[in-house]
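See below for the structure under consideration.
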Amino acid sequence: MTRFYCPQILLSDGWAENQLLEVDGLGSITGIRNGSMNEAQHQLQGPVVPGMPNLHSHAFQRGMAGLSESRSGEKDSFWSWRKRMYHFLQVLSPEDVEAIASQLYLEMLKAGYTSVGEFHYLHHDVDGKHYANPAEMSERILAASETTGIGLTHLPVLYRFGGFGSREPSSQQGRFIHEADEFVRLLEKLFPSFEKHPNRSLGMAPHSLRAVSPDLLSKVLPEFQRICPGAPLHLHISEQTAEVEECVEWSGLRPVQWLFENLEPDSNWCLIHATHLDSQERRTLAESEVTVGLCPTTEANLGDGIFPMQEFMEEGGGFGIGSDSHVSISPCEELRWLEYQQRLLQRQRNLLCGESGMSTGRYLYEQALAGGSRALGLGAGKLQAGVRADWLVLDPEHPLLAERSGDALLDSWIFSGNVPPVRDVFVGGRQLIFEGHHSEEKAIEANYRQTLKKILS
Ligand code: NGQ
Ligand code: ZN
């Protein structure tokens, strides 16, 4: 057991001073109590807050961030971006994916994310041919999480069709495709590397309603429940109006409506984006145990639309944040944009702060911790006994935080901190970032540069 002294810390019931955090050999917090510096083996050098879960990532897309910012054709859209993205992924080898994911996860840690939900659909070789090891690509993601130390919730993606009504996939989607039995074999192959690993969980993700069919889901979901009972289930939904319209054409129902009528999603489910909801869908979702996975910087970048955040929160909805295509790796930017979208729409300020009118930064941070942790299967999202010891030590020397304490630390970080004022980062009680640096960062970055040189030249 290791004891850490914290001068100031955000606990489940608010800010506290002079606390001792006790962490066991598996990286879980076993107790928190008042105490003094000389009772601890380690002294944390600034205010301590829980680390943020990043609930939605397509790691390989980091390599093309910023490379689709010129208009293609008459009108650029999500769908033309998707073509460019498909073009980019055609050449990626398993080594390339590992190199990109390692650099990405390193940057996430430095920005204050301590765990990531990897929504992983790049399964097969370049022409759709399966690798000899069906878990080849998943193992590259596991390796990247191991090299960097970030907590991983791996979400292998079930992808079979090219559109609603079981349309066959395009040749560019060949690297994503599984039949039901192949996918179940992948889960079975992966499961042992997750069992008993304190910093990893295994879930799954039907890519979207347009990429699966009811029949396929009825074959795979019971098998998934058998292999990974109670594990996270993620799904892209209602991100673009075109897919809402196609869903209505196919089934007579809007996507979220279809999901609730057919699959009874519970607290293990996380719906990614859910941008376009009618008021009935919004209420159903808010009143359910389902988490919504919001990725505001990617949603803005792709021109998706604005999630009805204020109503959803007033109705009791739960959300977490993700960096999705990784045009930004910054929890503060994701959170800030949730609030700014509403300020711009309503021409008011401090809209997402709960009934109590607590600090907007603190409210957003705590809500995203709770939703992100639930979506990644991590439990509470608060620093308390029984949860994994994932925390950030903010940098008390950073000018941004001068003369701030308590909630003002979070408000200043979230609304004015483009350079994260994060000094040290711990995952499972193990220190990974030391004064802004990771012990492997030089090698990881050199490998990333070489990889991009090969792919992009
Ligand atoms: C993805 N990304 O799976 O990477 C998707 C694009 C699709 C976002 N939706 C592909 N942001 O939805 O078909
Ligand atoms: Zn996505």
Side-chain angles (χ1 to χ4, degrees), residues 53-69 76-90 92 97 100-101 104 116-124 137 141 153-164 167-178 203-212 232-247 255 269-276 291-307 319-329 334 337 372 375-376:
N54 183 334
L55 60 63
H56 192 66
S57 161
H58 307 291
F60 73 85
Q61 291 176 16
R62 179 59 175 171
M64 61 169 285
L67 297 185
S68 63
E69 306 301 327
D76 210 325
S77 69
F78 172 90
W79 304 103
S80 48
W81 167 81
R82 191 173 82 155
K83 275 197 197 129
R84 293 186 187 195
M85 189 268 281
Y86 281 179
H87 181 74
F88 175 76
L89 68 77
Q90 296 306 326
L92 301 177
V97 167
I100 297 171
L104 171 70
V116 58
E118 185 60 40
F119 198 106
H120 172 76
Y121 60 88
L122 193 52
H123 299 295
H124 310 303
M137 282 297 207
I141 297 294
T153 296
H154 188 53
L155 303 161
V157 170
L158 176 64
Y159 202 118
R160 171 64 185 84
F161 297 107
F164 285 102
R167 279 213 303 273
E168 280 309 311
S170 70
S171 61
Q172 286 196 310
Q173 292 166 330
R175 301 192 73 177
F176 321 154
I177 306 299
H178 280 113
M204 76 162 273
H207 179 274
S208 47
L209 294 181
R210 58 189 148 81
V212 296
L233 263 161
H234 289 214
L235 172 80
H236 288 126
I237 203 160
S238 303
E239 180 181 11
Q240 286 281 316
T241 50
E243 62 181 321
V244 176
E245 286 155 19
E246 283 169 22
C247 185
W269 282 76
C270 177
L271 300 187
I272 307 300
H273 309 303
T275 315
H276 300 287
T291 304
V292 172
L294 299 172
C295 311
T297 58
T298 291
E299 289 153 11
N301 187 272
L302 298 180
D304 290 340
I306 297 179
F307 180 79
F319 79 94
I321 52 169
S323 59
D324 193 351
S325 67
H326 314 300
V327 284
S328 172
I329 303 173
E334 303 302 336
W337 273 103
L376 297 189

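Ligands are counted one by one from 1 in listed order, and the atoms in each one are counted from 1 as well.
When heavy-atom distances to ligand 1 are checked against a 4.0 Å cut-off, Asp324 comes that close only through its side chain, counted from C-beta outward.
For the pair NE2 of His236 and NE2 of His56, the angle at the Zn ion (ligand 2) is about 100°; rounding is to 10 degrees.
Between the side chains of Ser57 and Glu118, a donor-acceptor pair is found at a separation under 3.5 Å. With hydrogens and angles left out, the side-chain atoms of Thr297 and Glu334 include a donor and acceptor closer than 3.5 Å. Side-chain contact, His236 with His56: a donor N or O sits under 3.5 Å from an acceptor N or O.
The closest donor-acceptor contact from the side chain of Glu243 to the backbone of Ile237 lies at 3.5 Å or more, if one exists at all. The backbone N or O of Ser170 lies less than 3.5 Å from a partner atom in the side chain of Gln173, making a donor-acceptor pair.
Contact annotation: Cys295 places no N, O or S atom under 2.8 Å from the Zn ion (ligand 2).
Between Glu243, Glu299, His236, His273, it is His236 that holds the heavy atom closest to atom 5 (C) of ligand 1.
A centroid separation of 6.0 Å or more is found between the aromatic rings of His276 and His273.
Contact between Met85 and ligand 1 is present, with at least one heavy atom of the residue lying under 4.0 Å from the ligand. Note on ligand 1: His207 sits in its first shell, one or more heavy atoms being nearer than 4.0 Å.
Among the atoms of Trp81, none of the N or O lies under 3.5 angstrom from an N or O of ligand 1.
If you check which protein heavy atom lies closest to atom 10 (C) of ligand 1, you get Arg82 CD, 3.5 Å. At the top of the distance list for atom 8 (C) of ligand 1, counting protein heavy atoms only, stands Glu239 OE1, 3.5 Å. From the protein, the heavy atom lying nearest to atom 1 (C) of ligand 1 is Tyr121 OH, 3.3 Å. Closest to atom 12 (O) of ligand 1, if we only count protein heavy atoms, is Arg210 NH2, 2.8 Å.
A side-chain contact (heavy atoms from CB on, under 4.5 Å) with Pro232 holds for exactly one of Leu55, Thr291, Leu155; it is Leu155.
A perpendicular orientation is assigned to the rings of His123 and His120, their planes being inclined by more than 60° (bins at 30° and 60°).
Applying the 4.0 Å criterion to heavy atoms of Leu302 picks out, from ligand 1, the atoms 11 (N).
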